[in-house]
Colleague: 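Once you've had a glance at the structure underneath, I'll fire off some questions.
Proteins get letters first, then strands, A, B, ... in listed order; numbering begins at 1 in each.
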Number of protein chains: 2
Amino acid sequence: MVRKLDPAKHQARRQHIVNAAAELFAVKGFDRTTTAEICKAAGISAGNLFHYFSNKRAIFLAVLEEDEERAEGLARARTSDDPWAALLEVVDLLAAPAAEPSAPRLVMEAMVQAHHDPELSARLSRDNDEEHAVIAALIAEAAADGQIDPGLKPDDTASWVLALIASLYTSAATDPAFAPTEQLPTLKLILHRFLRADSPSAGNMPRLGVERIGPTTRQREDAPAEPMTPAARPQR
Amino acid sequence: MVRKLDPAKHQARRQHIVNAAAELFAVKGFDRTTTAEICKAAGISAGNLFHYFSNKRAIFLAVLEEDEERAEGLARARTSDDPWAALLEVVDLLAAPAAEPSAPRLVMEAMVQAHHDPELSARLSRDNDEEHAVIAALIAEAAADGQIDPGLKPDDTASWVLALIASLYTSAATDPAFAPTEQLPTLKLILHRFLRADSPSAGNMPRLGVERIGPTTRQREDAPAEPMTPAARPQR
DNA sequence: GTCTATAGCCCGATAGAC
DNA sequence: GTCTATCGGGCTATAGAC
């Protein structure tokens with residue numbers, strides 16, 4: 001409707017507002033952040049904000065805008081010929097943003113705001129469904145290849161893999177002592193043991209007696225028996 | 001200050017308000033629920049609410065009031081002589097409320113509101129620390145008894161056990177298709193494989209070859225090789 | 001195109017009649 | 001003790017000067 005003199009500059013300013021708003025949303029939450037605060041943080045004046053966004057919700061949606069690396073990574077995983085390796089790469093991909101300072105709180109805020117905002121809810125569901133489909137497919141492939149326990153149901157299992165990744169965000173958001181980057185190896189260890197479950201001839205697992213005391217797998221410091229990709233990649 | 005004619009009746013009315021408020025907080029969230037709505041839902045008139053609670057925050061704190069069964073269950077676990085069995089009972093205890101219709105959303109709402117409310121934050125931290133201490137102690141005992149992998153660090157591992165239980169709540173709150181009661185056996189399967197990790201002589205796990213195809217452990221429908229307690233116990 | 005000023009609305013909490 | 005009425009404040013979004 002209104003002609004913009006310089007679309008590139010307009011876009012840059014818009015992104016500047018989004019960055020300022022993201023920080024506020026993470027710290028104060030959506031409901032308690034006022035548009036006036038966003039304007040002040042972005043260095044523009046009150047009414048001017050609505051030339052860039054039609055309302056406050058639109059700003060929050062823009063904060064969660066598509067992560068290109070995520071899309072590319074998921075596409076790459078679909079065409080991999082080593083499903084287990086691809087699965088681990090997807091875990092790294094989805095876990096990486098948890099290390100950013102404000103991402104965990106933003107993710108939690110988005111999850112609760114989705115209950116009151118159908119558009120946001122659809123947005124999150126779409127992303128989640130995409131991730132779920134990729135992971136379930138990789139699990140099915142890996143099971144067929146004998147890389148993981150074929151007794152696991154791909155759909156339910158994929159949901160739990162995603163839930164474990166989500167735990168990195170919720171734990172980081174609620175516990176200041178929780179460092180996602182340091183905990184990623186443990187997450188992979190859990191996944192490794194859950195999915196591979198290479199108890200050789202297990203029907204049901206033998207109840208451990210007291211006779212076994214010898215050293216088992218070591219946790220921490222070392223990777224969980226699988227090569228790790230660097231993983232500490234910044235988002236946005 | 002003001003004398004109450006009938007303390008018991010006052011308490012009952014107070015609880016009635018709390019129940020009405022809990023439902024609203026779960027559906028609409030704390031910030032978007034107005035005191036007027038709470039009054040209407042509770043069947044009292046506007047100003048009257050503040051004779052029972054000093055402000056809106058106090059109502060939310062009352063909603064999260066101490067669960068007696070939780071306290072008793074944790075105390076019981078401390079004195080158990082079978083740490084692995086006790087751990088499973090603690091998991092049942094903490095997981096049970098996830099099956100209530102509004103508990104998952106209330107829990108998530110509490111987690112985000114804690115960022116703006118030091119009193120609430122202290123409340124949640126206290127509960128969490130208590131659970132963490134009990135679980136870490138059981139893990140250390142179970143490792144000493146040879147029931148679980150002694151290579152696991154009790155503190156980090158306890159945090160992940162709690163994170164897995166929390167996933168029941170976050171998944172239920174965000175995914176309408178997720179049924180906590182149905183997923184509890186899978187959670188226990190994950191814990192079982194993560195903690196026991198009874199790969200017989202494992203230094204690092206052997207990479208599965210394609211030669212193994214036979215049936216392994218079955219998931220779903222049947223319990224994960226451990227007796228389950230009924231678990232569907234209502235809270236509050 | 002960007003600013004200032006404010007309209008219009010709703011909220012939490014209080015005051016005072018009954 | 002419970003009601004009705006209302007206050008002071010803060011919010012989103014718009015209108016109009018520059």
Colleague: May I ask you to evaluate whether Tyr52(B) reaches the phosphate of dT2(D), defined as a side-chain N or O under 4.0 Å from OP1 or OP2?
Modeller: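 The answer is yes; a side-chain N or O of Tyr52(B) sits under 4.0 Å from OP1 or OP2.
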Colleague: Rounding to an integer number of Å, can you tell me how far Lys40(B) NZ sits from dC10(C) P?
Modeller: 13 Å
Colleague: Kindly give the heavy-atom pair with the smallest separation between His116(A) and Gly29(B), and that separation in Å.
Modeller: CE1-N, 3.8 Å
Colleague: Within a strict 4.5 Å, meaning less than it, do heavy atoms of the Leu61(B) and Glu65(B) side chains meet?
Modeller: no
Colleague: dC11(C) P sits how many Å from Phe30(B) CZ, rounded?
Modeller: 14 Å
Colleague: Looking at dA5(C), dT12(D), dA13(C), which one has an atom nearest to any side-chain atom of Thr35(A)?
Modeller: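 Taking heavy atoms from C-beta onward, the closest nucleotide is dT12(D).
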Colleague: What is the distance, to the nearest angstrom, from the CG atom on Leu49(B) to the C1' atom on dG12(C)?
Modeller: 10 Å
Colleague: Using atom CG of Asn48(B) as one end and atom P of dG16(C) as the other, report the distance to the nearest whole Å.
Modeller: 18 Å
Colleague: For Thr33(B), answer base if it contacts any base atom (sugar-phosphate contacts may also be present), sugar-phosphate if it contacts only those atoms, and nothing otherwise; contact means non-hydrogen atoms under 4.0 Å.
Modeller: sugar-phosphate
Colleague: Just checking, any donor-acceptor pair under 3.5 angstrom between side chains of Gln183(A) and Trp160(B)?
Modeller: yes
Colleague: Expressed as a whole number of angstroms, how long is the span from Ile38(B):CD1 to dC10(C):C1'?
Modeller: 15 Å
Colleague: How close or far is atom C1' of dG12(C) from atom CG of Asp31(A), stated in whole angstroms?
Modeller: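 In whole Å, dG12(C) C1' and Asp31(A) CG are 15 Å from each other.
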Colleague: According to a strict under-4.0 Å criterion, is Arg13(B) in side-chain N/O contact with OP1 or OP2 of dT2(D)?
Modeller: yes
Colleague: Tell me the interatomic distance from Glu37(B), atom CD, to dG12(C), atom C1', rounded to whole angstroms.
Modeller: 13 Å
Colleague: Looking at Glu66(A) and Arg123(A), does any basic side-chain N land under 4.0 Å from a carboxylate oxygen?
Modeller: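 Here Glu66(A) pairs with Arg123(A) in a salt bridge, since their nearest N and O are under 4.0 Å apart.
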Colleague: Can the ring centroids of Phe194(A) and Phe194(B) be said to lie less than 6.0 angstrom from one another?
Modeller: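 No; Phe194(B) has its ring centre 6.0 Å or more from that of Phe194(A).
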Colleague: Without decimals, in angstroms, what is the distance between Phe50(A) CZ and dT14(D) P?
Modeller: 7 Å
Colleague: Where the side chain of His51(A) is defined as all heavy atoms beyond and including C-beta, which of dC11(D), dT2(C), dT4(C) is the nearest nucleotide?
Modeller: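 Selected nucleotide (nearest to the side chain): dT2(C).
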Colleague: Think Ser45(A) has a side-chain N or O under 4.0 angstrom from the OP1 or OP2 of dT2(C)?
Modeller: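 Indeed not, no polar side-chain atom of Ser45(A) lies that close.
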